[in-house]
2 protein chains.
Amino acid sequence: MAAVSTREQIVEIADDLFYRGGFEATSFADIAADIGISRGNFYYYFKTKDEILDAVIDRRLQRTSAMLDGWESQAPEPRERIVAFIELLIANRAPIMAYGCPVGTLCAELAKLDHVHRERAAEIFGLFARWLEKQFRALGADETAREWALHVLAWSQGVASLATAFKDEAFIRREVADITCWLDDRIVSLSQ
Amino acid sequence: MAAVSTREQIVEIADDLFYRGGFEATSFADIAADIGISRGNFYYYFKTKDEILDAVIDRRLQRTSAMLDGWESQAPEPRERIVAFIELLIANRAPIMAYGCPVGTLCAELAKLDHVHRERAAEIFGLFARWLEKQFRALGADETAREWALHVLAWSQGVASLATAFKDEAFIRREVADITCWLDDRIVSLSQ
DNA sequence: ACGTCATTAGGACAATTGTCCAAATCATGC
DNA sequence: GCATGATTTGGACAATTGTCCTAATGACGT
């Protein structure tokens, strides 16, 4: 019990600190201080910092999957599911304006570090992309489902990026409305 | 002469290394090794690493301004100028897929570091935003010029972000074509 | 050829990094 | 109450970090 708890605590705190401060800039000491354990204790659970990152990515993959599954069971209509995704930008506007999108910023940092877990981090985007593609397919957009999925994903990334730079909440809300309009236009075009 | 050259070399190499490896992960030793000068020599030109970052941001602001001015003098039509901006994504596709957008990734990193130069870095986005706004205004879009400018900027950021994660060149070309279509749709709507 | 000032080299510096280990502590079954 | 294994501690470690200083080198006017 205590063992699992400590390991989970390490991953949970590391996840948060990696997001808010970046992977490279977050040290073992930072994580240890936040949890309240000794620095040496890490070694019992993780041999290297990369192993912690690996566990953090696992956690994010799992939580992302759970969130996407939740939207599928809560919203019966594909449109509402996609809207739920888009409105993540509003729900998380405060941390996004402060630290950016957790997925995009991690992928960007690992790309610069040429890190071994670079592709595993990008797989979080992969989850979103395939899920969105599935929703567009459910709307009947077989041909363009993949393109539209990547488009929505890219759009949301761009909004997050500028929102971080300008700390502009009105901009987020405006773009979210725009994406929703774009989505409804696509839905209308499918029924014609 | 030699003095200016060394200082310029430091800023130039630092600019490149900050882009390819990130600010935090790039050390004085890395920059010195790339130039071929001793580590101690930095102190003659820059007292702290933040001062180098400051000079790098200055350089980027200046070069961005020069590029935007160049587009204005080379392309007579606002549409062609905006297209030139959009096609930066294609012209720089290789480094973008490897390291992301220089502006977006720097802003994201400085946001996480809560760095003093965070806003100065965001001002590079500011240059692009005001320039794009100016072009849309020249097209006659007075009301929506600012919104459209931020929209194009965000869109291009999103494309860069996903391009880095997926290393997908076809995706870049597809989205660039989409942005161009969007632009032409806006232009058509203005003449109606 | 000399003196002056700008430039550079090389290393000292304390602090921090990720890694790793031995000893101490804890919990649990007998 | 004791033994065993899981867990934690505190610190050692070599390397690297940004910062800073002194001495050497350079160029250039006189």
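Keep in mind that the numbers below use all heavy atoms, side chains included, and drop hydrogens, waters and symmetry copies. Chain naming here is simple, since letters A, B, ... match the order of the sequence lines and numbering starts at 1 in each.
At least one side-chain heavy atom of B:Val152 sits under 4.5 Å from a side-chain heavy atom of B:Trp182. Two residues are said to be in side-chain contact when any heavy atoms from C-beta on lie closer than 4.5 Å; A:Leu139 and A:Gln135 fail this criterion. Annotation: side chain of A:Leu106 is not in contact with side chain of A:Phe18 (no heavy-atom distance under 4.5 Å).
Set against D:dA12, C:dC20, D:dT7, the side chain of A:Tyr43 has C:dC20 as its closest nucleotide. Checking D:dA6, C:dA6, C:dT19 against the side-chain heavy atoms of B:Tyr44 singles out C:dA6 as nearest. Closest to the side chain of B:Ser27, out of D:dT19, D:dG18, D:dT8, is D:dG18. Closest approach to the B:Ser38 side chain among D:dG10, D:dG18, C:dG10 is made by C:dG10 (side chain taken as heavy atoms from C-beta onward). The nucleotide whose nearest atom lies closest to any side-chain atom of A:Tyr45 is, among C:dA9, D:dG18, D:dT7, D:dT7.
Distance CZ (A:Phe46) to P (C:dC20): 15 Å, rounded to an integer number of Å. Note: NZ (A:Lys49) to P (D:dA15) measures 19 Å, nearest angstrom. To the nearest angstrom, C1' of D:dT8 lies 17 Å from CZ of A:Arg7. Distance A:Phe42 CZ to D:dT7 P: 16 Å, rounded to the nearest Å. If you measure from atom CZ of A:Phe28 to atom C1' of D:dG10, you get 16 Å, rounded to the nearest angstrom. Rounded to a whole Å, the CD1 atom of B:Ile37 is 16 Å from the P atom of D:dG26.
Ring pair B:Phe23/B:His115 is perpendicular by interplanar angle, where above 60° counts as perpendicular and below 30° as parallel.
Of the two residues contacting DNA chain C, namely B:Arg39 and B:Gly36, the nearest-nucleotide position lying further toward the 5' end is that of B:Gly36. Position along DNA chain C of the nearest nucleotide to A:Ala25 versus A:Asn41 favours A:Ala25 as the more 5'-ward residue.
Contact annotation: B:Thr6 side-chain N/O to C:dT7 OP1/OP2 distance is not under 4.0 Å.
Listed for the B:Arg93 side chain is a donor-acceptor partner under 3.5 Å among the backbone atoms of B:Ile90.
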